[in-house]
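I have placed the structure first, in the form of structure tokens, so that the comments after it can refer back to it.
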2 protein chains.
Amino acid sequence: MSDAPATRRERLRLQTLEEIKRHALAQIAEGGTGALSLNAIGKAMGMSGPAIYRYFPSRDAVLEALVTDGYAALTAALESAAAAATRRAPARRVEALGVAYRDWAVAQPHLYGMLFGLRPTGYRDPDEAIAAVNGSMVVLLQAIGAVVGDREAPAPADHLDRELARWSAARGYGPEVDPRTLRLGVLAWTRLHGVVGLELAGVLADMELDPVLLIEAEVRSIVAAAGGS
Amino acid sequence: MSDAPATRRERLRLQTLEEIKRHALAQIAEGGTGALSLNAIGKAMGMSGPAIYRYFPSRDAVLEALVTDGYAALTAALESAAAAATRRAPARRVEALGVAYRDWAVAQPHLYGMLFGLRPTGYRDPDEAIAAVNGSMVVLLQAIGAVVGDREAPAPADHLDRELARWSAARGYGPEVDPRTLRLGVLAWTRLHGVVGLELAGVLADMELDPVLLIEAEVRSIVAAAGGS
DNA sequence: TAACTTCGTGATAGGTTCTCACGCATGAAG
DNA sequence: CTTCATGCGTGAGAACCTATCACGAAGTTA
């Protein structure tokens with residue numbers, strides 16, 4: 001994760017680099033991505049605007065760095081939640097993950113929006129970021145896999161199952177992740193995102209629906225389909 | 001819908017107003033909301049930048065107008081899909097709605113993002129827009145209601161059901177919409193949005209998952225829960 | 001015909017990102 | 001210990017943006 005700080009210069013450079021990202025994140029937290037201004041960051045750090053360009057080639061590069069960091073932070077949050085619930089029943093562990101996912105998103109809505117919201121056309125995550133988001137998926141799959149347990153998979157393979165099998169193989173998950181777990185893992189994610197996304201968009205608030213109840217309902221639907229209590 | 005054009009002046013004004021929105025939509029379609037420039041719109045229409053301010057008080061007002069129109073367009077698309085499938089089995093009608101929902105979103109991703117993506121903090125839809133999005137919900141509820149049919153609802157009312165009952169009553173849907181339909185309607189929406197949102201974010205593409213298969217799986221999950229085939 | 005309303009224009013203020021040439025200070029090599 | 005190169009920050013400036021303002025030219029009504 002952290003390379004050797006090597007020379008003193010690099011250490012300082014890394015320090016200001018982190019400080020820039022900290023300020024950028026704070027700006028985004030109140031005001032959205034549009035409120036990010038390299039000029040303002042420079043001023044807040046006590047230096048001029050153009051100085052930032054010594055550290056980031058462009059405004060978009062700053063955003064991209066935040067995205068990559070964000071993926072890692074989300075995965076870390078999920079791992080921590082899974083670790084905290086490791087002694088509880090598998091079904092409860094899945095529920096804890098669902099709640100943790102929403103909590104993380106709600107705590108920093110604009111960052112979540114940068115990760116899973118609309119992107120400028122043509123934008124594609126760097127491989128580094130794709131790998132990071134993959135970590136979240138692994139956590140989910142482990143938890144759901146524990147619920148499924150050793151039950152044999154009676155589901156007749158449909159189109160989706162076949163694609164998922166290919167997908168899992170290509171990803172190196174290997175055949176030890178059974179099809180049902182795979183399917184439920186992906187669906188759990190899209191369902192969680194559906195609720196969280198609409199909550200952050202303010203639609204659920206407009207309708208006066210409680211997002212937590214929806215999250216719980218969706219978690220329960222996944223657990224039930226996995227054969228859990 | 002359309003008021004009387006009254007005087008000739010108003011007719012012309014409405015015409016340029018529409019033209020502005022057309023150009024705005026085109027700009028957003030390629031480049032996202034950040035690419036919207038009133039200056040550029042004016043230039044494209046053969047007039048100066050500030051002239052636009054005779055029609056919209058601010059840049060955000062243009063975006064807001066697009067949002068309101070967008071809600072209506074989505075509802076219209078769903079209604080049209082429902083009408084086209086009116087002679088088919090109820091389960092098929094729900095499926096048609098799911099596909100239509102995704103099709104509409106994919107056809108104009110940035111507009112969809114403006115409707116259901118992250119908003120600038122503090123932003124809240126005008127009542128007009130909330131009413132418009134409500135229309136989409138009604139279409140969904142009708143289709144799902146047809147699948148549920150006259151089956152009695154055996155579901156033990158949980159938290160979510162109780163909240164939905166209050167919600168439905170407050171909305172004037174009346175008690176004729178049964179709890180199960182209500183619940184499935186909301187869940188159908190969040191599930192569809194989950195898949196579509198991740199697709200538009202490019203996450204599914206990164207993972208090489210086919211969104212259509214996911215949509216079908218989710219529609220089937222709703223239909224199954226409704227008791228349909 | 002005269003008065004009034006509406007529309008579009010150019011100028012302008014203040015903001016942004018981003019490039020550039022310059023000077024300073026730090027760390028490294030001889 | 002001295003010299004030199006590298007990296008860092010600055011201010012000026014180009015090109016863009018939103019938004020406001022005073023002004024003149026239309027079209028509309030009395």
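Order of the sequence lines fixes the chain letters, A, B, ..., with proteins taken first and strands second; residue numbering starts at 1 for each chain.
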Next item on the list: Please list all pairs passing the salt bridge (charged side-chain N to carboxylate O under 4.0 Å, His left out) test where one or both residues lie in residues 41-53 of chain A, with sequence neighbours left out.
Entry: none
Item checked: Residues forming a side-chain contact (heavy atoms from CB on, under 4.5 Å) with Glu218(B), sequence neighbours excluded -> Leu187(A), Thr190(A), Arg191(A), Arg191(B), Val195(B), Ser221(B)
When the side chains of residues 32-42 of chain B are checked against the rest of the protein, which donor-acceptor pairs come out under 3.5 Å, sequence neighbours left out?
from	atom 1	to	atom 2	distance (Å)
Ser37(B)	OG	Asn39(B)	N	3.4
Ser37(B)	OG	Ala40(B)	N	3.0

Check: Within the side chain of Thr75(B), is there an N or O that forms a donor-acceptor pair under 3.5 Å with the backbone of Ala132(B)?
Finding: yes
Item checked: Contact letters for nucleotides 18-30 of chain D, in which S counts primed atoms plus P, OP1 and OP2 and B counts the base, heavy atoms under 4.0 Å -> BBB-B-----S--
Notebook entry, point to check: Under the ring-ring contact (aromatic ring centres under 6.0 Å, His included) test, which residues partner Tyr112(B), sequence neighbours left out?
Noted result: Tyr101(B), Phe116(B), His193(B)
Next item on the list: Starting from C1' on dC17(D), measure out to CD1 on Ile41(B) and report it in whole angstrom.
Entry: 13 Å
Checklist line | Angle between terminal axes - the helix from dT1(C)-dA30(D) to dG30(C)-dC1(D), 5 pairs each end, rounded to 10° | finding: 0°
Check: How many Å lie between CE on Met45(A) and C1' on dG9(D), as a whole number?
Finding: 12 Å
Checklist line | Boundaries of the chain B footprint along DNA chain C (any atom under 4.0 Å from a heavy atom) | finding: dT5(C) to dA11(C)
Note to self: For Trp167(A), give me all partners under ring-ring contact (aromatic ring centres under 6.0 Å, His included), at least two apart in sequence or on another chain.
What the structure shows: Tyr173(A)
Next item on the list: Please name all residues satisfying salt bridge (Lys or Arg N to Asp or Glu O under 4.0 Å) with Asp210(A), sequence neighbours left out, ordered by chain then number.
Entry: none
Notebook entry, point to check: Pairs in or reaching into residues 50-61 of chain A: which pass salt bridge (charged side-chain N to carboxylate O under 4.0 Å, His left out), with residues at least two apart or in two chains?
Noted result: none
Notebook entry, point to check: Which residue pairs pass the salt bridge (charged side-chain N to carboxylate O under 4.0 Å, His left out) test with at least one member in residues 96-112 of chain A, sequence neighbours excluded?
Noted result: Arg102(A)-Glu199(A)
Next item on the list: Output all residues satisfying salt bridge (Lys or Arg N to Asp or Glu O under 4.0 Å) with Glu208(B), sequence neighbours left out; order by chain, then residue number.
Entry: none
Note to self: Please classify the nucleic acid contact of Tyr55(A) as base, sugar-phosphate, or nothing, using heavy-atom distances under 4.0 Å.
What the structure shows: sugar-phosphate
